[in-house]
Amino acid sequence: MTSSEPVVVLADLWMQPGKRPELEEAARQAGAILRRQPGFVAGRLLHFSGGPYFYVFETTWTDRAAWEAFWTGDDALGVRAIFDSWLLQPFAYRVHDVKVVV
């Protein structure tokens, strides 16, 4: 795959106990920022069914350049701040190159 193919970014979110509504609202607020970003395709908040406090915030980008432009800009700091208020620790993320779409 070339650098112009999609990437998926997964952010691991360890929620503070009792803050589920706040975390879900944070995802909606982050979505409003992300939808304005060039190259943003979609995002969703996933809850791990094996435990109450672990979530993953998944975003898809048209290509790595779009993701990097967002991540190095001021809006990324805003997204981090929206989530970090409700987390036990700042989120960690992983960037995945899409190899096969089925």
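Excluded from the calculations below are hydrogen atoms, water molecules and symmetry mates; all remaining heavy atoms, backbone and side chain alike, are included.
Here Y93 contributes atom OH and L13 contributes atom CG; the two are 14.0 Å apart, rounded to the nearest 0.5 Å. With values rounded to the nearest 0.5 angstrom, F70 atom CZ is found 10.0 Å from R36 atom CZ. One distance of note links CD of E24 with CZ of R28; it measures 6.0 Å at 0.5 Å rounding. Atom CG in L23 sits 9.5 Å away from atom NE2 in H47 (nearest 0.5 Å). Rounded to the nearest 0.5 angstrom, F57 CZ and L34 CG are separated by 5.5 Å. The structure places NE2 of H96 at 4.0 Å from CG of L10, a figure rounded to the nearest 0.5 Å.
In this structure, the salt bridge (Lys or Arg N to Asp or Glu O under 4.0 Å) partners of R94, at least two apart in sequence or on a different chain, are D12. With sequence neighbours left out, W67 forms a side-chain hydrogen bond (donor to acceptor under 3.5 Å, both in side chains) with no residue at all. Legend: residues meeting salt bridge (Lys or Arg N to Asp or Glu O under 4.0 Å) with E68, ordered by chain and number and at least two apart, are absent. Scanning for salt bridge (Lys or Arg N to Asp or Glu O under 4.0 Å) contacts around E22 gives an empty result, with sequence neighbours left out. Contacts of V41 classified as side chain to side chain contact (heavy atoms under 4.5 Å, CB included), with partners at least two apart in sequence or in another chain: T60, T62.
Nearest heavy-atom pair, A66 versus G39, reported as atom, atom and distance to 0.1 Å: CB-CA, 3.7 Å. Counting all heavy atoms, side chain and backbone alike, E58 lies closest to V8 at CG-CG1, 3.9 Å.
At least one side-chain heavy atom of W14 sits less than 4.5 Å from a side-chain heavy atom of F54. In this structure, E5 and D97 have side chains that are not in contact, with every pair of non-hydrogen atoms separated by 4.5 Å or more. The side-chain heavy atoms of W61 and V95, taken from C-beta on, include no pair separated by under 4.5 Å.
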Going by atom type alone, with no hydrogens or angles, which donor-acceptor pairs under 3.5 Å involve a side-chain atom of residues 75-89 and a protein atom two or more places apart or on another chain?
{"from": "D75", "atom 1": "OD2", "to": "Q37", "atom 2": "NE2", "distance (Å)": "2.8"}
{"from": "R80", "atom 1": "NH2", "to": "F91", "atom 2": "O", "distance (Å)": "2.7"}
{"from": "S85", "atom 1": "OG", "to": "A81", "atom 2": "O", "distance (Å)": "3.3"}

